[in-house]
Structure formats: C-alpha cells, structure tokens
2 protein chains.
Amino acid sequence: MPVVLRPIQALRLWQQVCLAEVQNELPDLGERQLAILLTIYLDPPPHTVRGLAQKLNVTKPVITRALDRMGALKLVSRHRDDHDRRNVLIRRTVEGALFVERFGDVIVAKAEELPL
Amino acid sequence: MPVVLRPIQALRLWQQVCLAEVQNELPDLGERQLAILLTIYLDPPPHTVRGLAQKLNVTKPVITRALDRMGALKLVSRHRDDHDRRNVLIRRTVEGALFVERFGDVIVAKAEELPL
DNA sequence: CGAATTCGTTTCGGGACCGTATCATTACGC
DNA sequence: GCGTAATGATACGGTCCCGAAACGAATTCG
C-alpha cells in the first residue's frame, strides 16, 4: 500500500515535525547531519567517509566534522578498517539507534494528527 | 483517509527529502527558518514577530534574524501595521509561495517512491 | 624500493546562527 | 503631557559550520 500524501498534507507534516524538533531542547542536528545519520541507520553498511560524501554530494571535511559532532553525542562511532587501514568505518550505537527510532515515532505521530 | 506511515517509511522519507535538499544547490534554510516559513504559509495571517516567537517557543531576535535572511532571499516581506505601528506584519511573496510549493512537491514525490 | 594515489583529517579564513541584554519607536493609562 | 508597557530591531560574545587547501598515514604500482 503506497504512501499517499497530498502537497498540503506534506507541508503540514513537515511543519509539525520541524516545530516539534525546534521546541524540544535536545541538540538539533542540521539538515546535513540528519541526512548523514539517517543514511548510516537506513542504508546497508559498511559506511565510509568517502562513501557518505559521495552519496550526499558534499566534501569529505563536511562528513568528518559531522562525525566529530555526532560522535561526541554518541550517535555514531568510528573504527579503523583492518583490511585497509586508510578507511574509517562508521557504525551505529545504541544511543543513535534510540535517537533515530524516536525521531521516526515523532514523524508517524504527526502524520496521524494531520487534518484531512 | 488518514495518512498511514510506518516508522521505517517515515525515516526513509525524511532521509530522501534531506538528501534532495542537501544535494540541490539552492540555499538551504535551517530547521528554524523552515519552521517559520511553513508557519507563515500554512497558518492563517496575520503573522507578527511576537506571534511567531511564541508559536515556535523561541526568542524574538531569532525571528527577526530569520526574517532578515529570508527577506533577503525574497521568501517573505515585512510591512508596518497601520493600526499599531509597533507591529510588523509578515506577508508571503510570489517567490516564497513558489519555494514552498516546490518543497511540498519534493516531499510528495519522495513519498510515492518509498519502498513498501 | 620509491613515486604516485587514496583516504581521512586538520588548518585557515570567513560566514551563519544563537542567547542575553539593550535600544528606539509606538501605544496607552493616569 | 508623562511615565509605563509593548513591539521589533540591534549589539555583543560566543559556537558551530563551511569550502579550499594542505597534511600525515596507508596502499598501490612501476
């Protein structure tokens, strides 16, 4: 069953979720950081700096710095690749999984509240 | 017909839209700016700085600065209220309406592409 | 081996944004 | 009028982020 969404509903949904995120006191990740985080949690591993940079069409330092910030928040973790020690593999964390899960729940909740 | 969205679909949707916004070259508004813009275009007028600040639960300078930036992008316009010249009324613009409309279309398109 | 390549990080200069406090202007009660 | 309240704008100090360039470490290839 495909997801049916009219433009006005789509915009309302986005507004409600943005409002919820702005109002809560949690650290709000930027659009780029959120895109990176969701990619790590939704796309199949392994994830590398270069791979993420290509997927998002941004430069590598953007990824490095986003990982610094999200790593400090324990949302992701970095590990050297033993097969090619130049690579850094980005992995999920328990905290990150929880964060993403809650975020998904917020979207679903706001979608259910949408006026018809 | 309520909007039905499972968590995994919600997250995928958010990821795809974030990716689309990050990848396009257009100015990317922050989460707050987007929340303000959508509120201006979705909620009934009139809109004032104070009203928006209350609705978003942020301080007034946040609104003023966001309006500065979005005003420079021609997405909104400011006008003095003739009935109470302390007030500033925020109004829509043609460019802003186009921006919002196009944004809604992106969300709808990404929703339709979601895997089941 | 040694040079070139690849990967992730760091540095640098600059811009965007925030929160607090303060300001100028306008409205309103006395 | 005059003081007070309200509105939006501004000043200041600080944090975060960006893009470009340069860098160190690891790998590949001649």
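Chain A is the first sequence line, chain B the second, and so forth, proteins listed ahead of strands; every chain is numbered from 1.
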Check your understanding: Would one find a side-chain N or O of A:Asn87 under 4.0 angstrom from OP1 or OP2 of D:dA26?
Key -> no
**Study point:** Euclidean distance, atom CG of residue B:Leu56 to atom P of C:dC18 [Å, nearest integer]
**Key:** 11 Å
Review point. Any side-chain heavy atom of B:Arg92 within less than 4.5 Å of one from B:Val76?
Key: no
Practice item. Please report, rounded to the nearest Å, how far the P atom of C:dA24 is from the CZ atom of B:Arg85. Key: 19 Å
Exercise for review: Find the distance A:His83:NE2 to D:dA26:P and express it as a whole number of Å.
Suggested key: 17 Å
Practice item. Mark yes or no for whether A:Thr93, through its side chain, and A:Ser77, through its backbone, hold a donor-acceptor pair below 3.5 Å. Key: no
Point to revise | B:Thr48 side chain, from C-beta outward: closest of C:dT10, C:dC7, D:dG8 | key: D:dG8
Point to revise | Expected output: side-chain A:His47 to main-chain A:Ile40 donor-acceptor under 3.5 Å | key: yes
Exercise for review: Would you mind classifying the nucleic acid contact of B:Arg78 as base, sugar-phosphate or nothing, using non-hydrogen atoms under 4.0 angstrom?
Suggested key: sugar-phosphate
**Study point:** Crowding at CZ, A:Arg91 (>12 non-hydrogen neighbours, <6.0 Å)
**Key:** no
Point to revise | Pairing of A:Asp43 and A:Lys55 as salt bridge, 4.0 angstrom limit | key: yes
Check your understanding: Would you say C:dG8 has OP1 or OP2 under 4.0 Å from some side-chain N or O of A:Thr64?
Key -> no
Check your understanding: Nearest-Å distance, CG (B:Leu52) to C1' (D:dA9)?
Key -> 15 Å
Practice item. To the nearest Å, give me how far apart CZ (B:Arg80) and C1' (D:dA6) are. Key: 12 Å
Write down the protein N/O and nucleotide N/O pairs, taken from nucleotides 17-22 of chain D, whose separation is under 3.5 Å; answer none if there are no such pairs.
from   : atom 1 : to      : atom 2 : distance (Å)
D:dC17 : OP1    : A:Gln33 : NE2    : 2.3
D:dC17 : OP1    : A:Arg69 : NE     : 3.3
D:dC18 : OP1    : A:Arg32 : NE     : 3.1
D:dG19 : OP1    : A:Arg32 : NH2    : 3.4
D:dG19 : N7     : A:Arg65 : NH2    : 3.2
D:dG19 : O6     : A:Arg65 : NH1    : 3.0

Study note, to complete from the structure: Separation of D:dG8 atom P from B:Ile63 atom CD1, nearest Å, is 10 Å
Practice item. Without swapping roles, check the side chain of B:Arg12 against the backbone of B:Pro115 for a donor-acceptor pair under 3.5 Å. Key: no
Practice item. State which of C:dA27, D:dG8, C:dT6 makes the closest approach to the side chain of B:Asp84. Key: C:dA27
Revision key, fill the gap. Considering only heavy side-chain atoms of B:Val88, the closest of D:dG8, C:dT25, C:dG8 is D:dG8
Review point. Are there more than 12 heavy atoms of other residues, nucleotides or ligands under 6.0 Å from atom CZ of B:Arg78?
Key: yes
Practice item. Could you tell me whether the side chain of B:Arg86 has a donor or acceptor atom within less than 3.5 Å of a complementary atom in the base of C:dT25? Key: no
Practice item. Nearest whole angstrom, please: distance from the C1' of C:dT10 to the CG of A:Leu67. Key: 15 Å
Point to revise | Spacing of B:Lys60 atom NZ relative to C:dA24 atom C1', expressed in whole Å | key: 12 Å
